[in-house]
Amino acid sequence: MRTRLGMFLLAGLLAVTSGYAQKKNFSYKFYGQVRGDLFYNSRANSEIVDGLFHLYPKDISPDADGNDLNATANGSFYLLYSRLGIDVAGPRVGKAKTTAKLEVDFRGSGSNFAMIRVRHAYVNLDWGKSAVLIGQTWHPLFGDIFPQMLNLSTGAPFQPFSRNPMLRYRYTNQGWSLTGAAIWQLQYLSTGPNGKSEEYIKNSCVPEFYAGVDYKTNNWMVGIGADLISLAPRIKSEVGDKTYKVLGVVGDNTYKVKERVTSVSVEAHARYTDDNWKISAKTIMGENLAHLCMLGGYGVSSIDKRTGEQEYTSYRHSMTWLNVVYGKKWQPGLFVGYLKNLGASKDIVGPTYGVGLDVDQVFTTNLQLSYVLPHWKLGVEYSPSLAWYGDRTLADGRIRDTHSVTNHRILGVLIYSF
């Protein structure tokens with residue numbers, strides 16, 4: 001596999017180099033990084049990429065003697081987030097300046113690690129004040145304001161983290177920036193009756209929508225945004241399923257259903273920068289944001305006793321973070337994040353679908369120190385993370401009678417950029 005991968009990369013570089021020599025009115029800029037992550041966790045965690053992308057500590061899981069199975073340390077060393085990219089500037093289309101970006105890493109998908117994965121792939125048409133982007137890049141809720149930290153989670157689950165196919169329009173004038181986007185799913189997926197899948201937004205026939213406004217001065221950037229996502233969890237109902245029999249639904253038939261769960265999230269963000277300080281913060285009131293590496297989801301709020309057609313209610317979560325970084329060569333930094341499960345707007349009478357719906361609160365602190373040279377970055381980060389789980393869940397999904405668990409994470413990172 002390594003031989004095939006190397007041949008593929010070499011062929012790609014030769015093709016681009018050849019194109020550079022032949023094509024007029026195009027310019028190319030190659031970039032990339034080799035990144036190594038060495039980490040240790042004091043207990044098992046909810047995570048992605050086998051521990052590289054840490055979210056929050058798992059609940060107590062007692063064995064037959066009452067010992068906590070999740071209170072087991074783990075750690076490893078990976079280079080999966082090394083990456084390669086190319087920025088392209090092309091000829092104008094009318095009055096529009098054209099650019100493109102293609103960036104890949106070796107994260108793969110599922111259990112297929114060390115395979116090429118597309119991170120960014122888009123074209124951008126820029127008329128000066130107006131610009132249209134077509135392709136895959138950061139979700140608008142990730143935005144231009146995000147924590148500067150060593151952990152690959154980049155602040156998740158307090159900060160949205162996702163790259164999506166989208167159509168995005170942006171208008172900029174005198175410090176003001178207006179953004180609107182229609183967004184689909186590919187690598188980061190919503191949850192539902194069939195687990196994580198693209199089918200819920202695909203069957204919805206309605207993309208996710210975002211609208212936001214920002215204002216920039218020399219040192220400050222502030223803004224707000226709103227996001228709407230509408231999913232179709234199912235297109236058919238099998239009434240004979242055991243779930244419905246328990247809930248008193250009678251019959252043994254399959255029905256076509258028109259189900260939809262629509263969720264709205266709002267956020268506000270701010271950033272201050274000068275020669276030494278970088279201070280940023282974001283707060284979100286979110287509904288059903290599991291597809292952004294966050295906690296969230298939805299549950300069944302009513303069931304038709306004849307057809308089994310369901311109505312749904314979204315879980316609501318409040319997420320807030322603050323990040324402070326100082327310096328240039330030596331960069332100490334602090335990140336603080338807090339989230340709270342606020343339950344759903346209606347009582348839940350059936351199954352729930354989502355991520356971390358049994359978690360009441362999460363609090364995480366990251367203490368970091370980086371040494372930065374041209375092309376090099378070496379850093380260490382200590383991150384205690386607490387999660388509160390409940391022994392009792394109310395009808396609307398809120399958690400009661402909580403107990404906490406703690407993970408202590410130590411991370412060392414070496415990055416060589418080119």
Side-chain angles (χ1 to χ4, degrees), residues 141 157 160 185 189-197 199-201 203-210 226-239 241-251 255-267 283-292 294-320 338-362 387-402:
L141 282 177
Q185 295 182 8
L189 304 171
S190 293
T191 59
N194 293 324
K196 289 190 174 183
S197 174
E199 67 181 82
Y200 313 120
I201 196 167
N203 291 334
S204 171
C205 293
V206 178
E208 183 179 358
F209 291 104
Y210 172 87
D227 184 85
L228 182 147
I229 185 169
S230 187
L231 306 175
R234 302 185 309 167
I235 59 175
K236 66 179 181 179
S237 169
E238 297 178 2
V239 177
D241 187 274
K242 293 180 180 179
T243 302
Y244 297 108
K245 290 180 178 178
V246 171
L247 295 170
V249 180
V250 297
Y255 294 91
K256 181 179 180 179
V257 295
K258 295 182 179 179
E259 297 180 349
R260 186 172 295 276
V261 53
T262 301
S263 310
V264 177
S265 303
V266 294
E267 60 92 13
T283 185
I284 302 172
M285 184 65 69
E287 292 185 343
N288 190 20
L289 295 179
H291 61 297
L292 301 181
M294 308 184 81
L295 276 64
Y298 53 95
V300 176
S301 60
S302 70
I303 302 174
D304 185 286
K305 290 189 176 182
R306 185 181 71 86
T307 66
E309 186 169 86
Q310 299 177 159
E311 294 183 356
Y312 301 88
T313 180
S314 298
Y315 276 77
R316 299 166 298 180
H317 285 79
S318 170
M319 290 78 65
T320 301
Y338 174 77
L339 69 81
K340 171 69 176 175
N341 179 352
L342 302 176
S345 59
K346 299 178 182 178
D347 286 349
I348 298 170
V349 301
T352 58
Y353 311 105
V355 174
L357 300 183
D358 57 343
V359 178
D360 179 51
Q361 302 173 71
V362 179
W388 283 262
Y389 293 84
D391 300 319
R392 184 164 59 97
T393 303
L394 302 182
D396 65 357
R398 289 179 295 162
I399 308 297
R400 289 293 181 267
D401 304 328
T402 61

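Remark: Leu292 CG to Met294 CE distance equals 7.0 Å, nearest 0.5 Å. Distance CZ/Arg400 to CG/Asp391: 13.0 Å, rounded to 0.5 Å. To the nearest 0.5 Å, atom CG of residue Leu289 and atom CZ of residue Arg316 are 13.5 Å apart. A distance of 5.5 Å separates OG of Ser263 from CD of Glu287, quoted to the nearest 0.5 Å.
When the side chain to side chain contact (heavy atoms under 4.5 Å, CB included) test is applied to Ser204, the partners found at least two apart in sequence or on another chain are Val206, Ser230, Ala232, Arg260.
Minimum heavy-atom separation, Ser314 to Val261: OG-CG2, 3.5 Å. In terms of heavy-atom proximity, Gly390 sits nearest to Ile399 at CA-CG2, 3.0 Å. Between Thr191 and Tyr298 the shortest heavy-atom distance is O-OH, 2.8 Å.
Taking the side chain as every heavy atom from C-beta outward, Val257 and Asp304 never approach each other to under 4.5 Å. Looking at heavy atoms from C-beta onward, Tyr389 lies in side-chain contact with Asp358 at the 4.5 angstrom threshold. In this structure the side chain of Glu199 never reaches within 4.5 angstrom of the side chain of Ile235, judged on heavy atoms. Proximity of Tyr200 to Asn194: side-chain heavy atoms (C-beta onward) are separated by under 4.5 Å at one or more points. Contact of the Leu189 side chain with the His291 side chain is not registered, since no non-hydrogen atoms from C-beta on lie closer than 4.5 Å. The closest side-chain heavy-atom distance from Thr393 to Ile348 is not below 4.5 Å. Under the 4.5 Å side-chain criterion, counting only non-hydrogen atoms from C-beta, Tyr255 is in contact with Val239.
Side chain of Glu208 to main chain of Ile229: no donor-acceptor pair is present (N/O by atom type, distance under 3.5 Å, no hydrogens or angles). No donor-acceptor distance shorter than 3.5 angstrom exists from the side chain of Glu259 to the backbone of Glu309, with no hydrogens or angles considered. The main-chain N or O of Ser190 is found under 3.5 Å from a side-chain atom of Gln185 such that the two form a donor-acceptor pair. Without hydrogens or angle criteria, Ser237 side chain to Thr307 main chain gives a donor-acceptor distance under 3.5 Å.
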Test side-chain contact (heavy atoms from CB on, under 4.5 Å) on Lys196 and Val355 and set out the steps.
CA-CA 10 Å; Lys196 289 190 174 183; Val355 174; 4.2 Å; yes

Between Leu141 and Ile284, does a side-chain contact (heavy atoms from CB on, under 4.5 Å) hold up when you go through it step by step?
CA-CA 9 Å; Leu141 282 177; Ile284 302 172; 5.5 Å; no

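Side chain to side chain, Gln310 and Tyr312 meet the donor-acceptor criterion of an N or O pair below 3.5 Å.
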Cut-off 3.5 Å, no hydrogens considered: what does the side-chain donor-acceptor table look like for residues 338-345, sequence neighbours left out?
{"residue": "Tyr338", "atom": "OH", "partner": "Gln361", "partner atom": "OE1", "Å": "2.5"}
{"residue": "Lys340", "atom": "NZ", "partner": "Asp360", "partner atom": "OD1", "Å": "2.8"}
{"residue": "Lys340", "atom": "NZ", "partner": "Asp360", "partner atom": "OD2", "Å": "3.1"}
{"residue": "Asn341", "atom": "OD1", "partner": "Gly343", "partner atom": "N", "Å": "2.8"}
{"residue": "Asn341", "atom": "ND2", "partner": "Val359", "partner atom": "O", "Å": "3.3"}
{"residue": "Ser345", "atom": "OG", "partner": "Thr313", "partner atom": "OG1", "Å": "3.3"}

